Amino acid sequence: QVQLVESGGGLVQAGGSLRLSCAASGRIFSAYAMGWFRQAPGKEREFVATISWSGGNTYYADSVKGRFTISRDNARNTAYLQMNSLKPEDTAVYYCATAWGRDLYTSYTYYNYWGQGTQVTVSS
């Protein structure tokens, strides 16, 4: 059984920063790509960022490029999402997920395990 547990969400003012963590257990974490997605009220879940199995390659949604940074520590079985220059439109529940492959994936269909989500609220 794979478990992913997100943490680090909260309330922050526009322009502020948050760092989300995703702790994984029950699987060889380092063998698979990871991704972050988000879902705002009344909207579909959308891709935010992805990182390859080794951490050597990353890819971002245009809406967060230059502001967010995805990373991973395979020794700690943990992935991170550093979010800077936050905007009110970044408000959403953020989910981490592990993929069934090693490369970069932007579609949620490539991810087979998901965390429970952590709320990020950015006030204006």
Side-chain angles (χ1 to χ4, degrees):
Q1 184 73 17
V2 176
Q3 287 190 325
L4 300 174
V5 180
E6 300 100 335
S7 61
L11 173 64
V12 64
Q13 288 187 333
S17 298
L18 284 174
R19 187 195 195 201
L20 305 184
S21 298
C22 174
S25 63
R27 195 184 195 191
I28 302 175
F29 176 81
S30 60
Y32 302 96
M34 294 285 297
W36 286 94
F37 290 75
R38 66 187 182 186
Q39 187 166 19
K43 295 187 177 181
E44 294 187 352
R45 189 170 299 191
E46 66 171 349
F47 165 77
V48 175
T50 180
I51 187 167
S52 61
W53 67 278
S54 66
N57 293 294
T58 58
Y59 186 79
Y60 299 89
D62 287 343
S63 58
V64 307
K65 199 173 297 182
R67 300 187 297 122
F68 291 11
T69 302
I70 188 172
S71 61
R72 65 190 299 161
D73 184 341
N74 287 342
R76 296 178 182 271
N77 284 358
T78 303
Y80 305 96
L81 185 68
Q82 177 67 43
M83 306 185 295
N84 299 328
S85 302
L86 283 161
K87 305 175 181 180
E89 51 263 44
D90 294 319
T91 295
V93 177
Y94 283 71
Y95 300 89
C96 68
T98 61
W100 49 253
R102 294 189 162 201
D103 297 320
L104 304 176
Y105 308 101
T106 61
S107 171
Y108 70 91
T109 60
Y110 288 91
Y111 294 83
N112 49 2
Y113 294 102
W114 294 80
Q116 82 290 348
T118 185
Q119 176 70 48
V120 171
T121 303
V122 185
S123 64
S124 57

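Since the structure is predicted, the reported quantities are computational estimates derived from the model, not experimental observations.
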If you take all heavy atoms of A97 and L4, which pair is closest and at what distance? CA-CD1, 3.7 Å

Is there any salt bridge (Lys or Arg N to Asp or Glu O under 4.0 Å) pair reaching into residues 44-60, and which pairs are they, with sequence neighbours excluded? R38-E46

Got a sec: does the CD of Q3 have more than 12 other heavy atoms crowding it under 6.0 Å? no

To the nearest 0.5 Å, how far apart are OG in S30 and CZ in R76? 15.0 Å

Any heavy-atom pair between the side chains of T98 and N112 that's under 4.5 Å? yes

Find the distance between SG (C96) and CZ (R72) and round it off to the nearest 0.5 Å. 11.0 Å

Can you hop from L18 to Y60 via hydrophobic side chains spaced under 4.5 Å? yes

Salt bridge (Lys or Arg N to Asp or Glu O under 4.0 Å) evaluation trace for K65 with D62: CA-CA 5 Å; K65 199 173 297 182; D62 287 343; 3.1 Å; yes

Provide the closest heavy-atom pair for S21 versus T78 in the form atom of the first, atom of the second, distance. CB-CG2, 4.3 Å

S17 and S85: which non-hydrogen atoms are nearest, and at how many Å? OG-N, 4.3 Å

For a 4.5 angstrom cut-off between non-hydrogen side-chain atoms, does W100 reach Y110? yes

Heavy-atom distance under 4.5 Å between the side chains of Q116 and E6, does that happen here? yes

Are the side chains of V120 and L20 in touch, meaning some heavy atoms are under 4.5 Å apart? yes

For the hydrophobic clusters of this structure (ILVMFWY residues joined by side-chain heavy atoms under 4.5 Å, transitively), does one cluster hold both Y108 and Y59? yes

Check the hydrophobic clustering (I, L, V, M, F, W, Y; side-chain heavy atoms under 4.5 Å; chains of links allowed) and say if V48 and Y111 are grouped together. no

Within a 6.0 Å radius of atom NZ on K43, are there more than 12 heavy atoms belonging to other residues, nucleotides or ligands? no

If Ile, Leu, Val, Met, Phe, Trp and Tyr residues are connected whenever their side-chain heavy atoms lie under 4.5 Å apart, and connections chain through other members, are W36 and Y80 in the same group? no

With rounding to the nearest 0.5 Å, note down the distance linking OH in Y94 to CZ in F68. 4.0 Å

Between W114 and F37, is the ring centre distance below 6.0 Å? yes

Between F47 and T106 the two heavy atoms that sit nearest each other are CB-O, 3.3 Å

Using atom types as modelled and distance alone, determine if a side-chain donor or acceptor of N74 lies under 3.5 Å from a backbone N or O of W53. yes

State yes or no: are the ring centers of Y113 and Y32 separated by less than 6.0 Å? no

When you group the ILVMFWY residues by side-chain heavy-atom contacts below 4.5 Å and let the links chain together, are Y95 and M83 in the same group? no

Correct closest heavy-atom pair for I51 and L104 would be C-CD2, 3.7 Å

Starting at CD of Q119, measure out to CG of L11 and round the result to the nearest 0.5 Å. 9.5 Å

For the residue pair A92 and A40, what are the closest heavy atoms and their distance? CB-N, 3.8 Å

Side-chain donor/acceptor of S52 to backbone N/O of N57, under 3.5 Å: yes

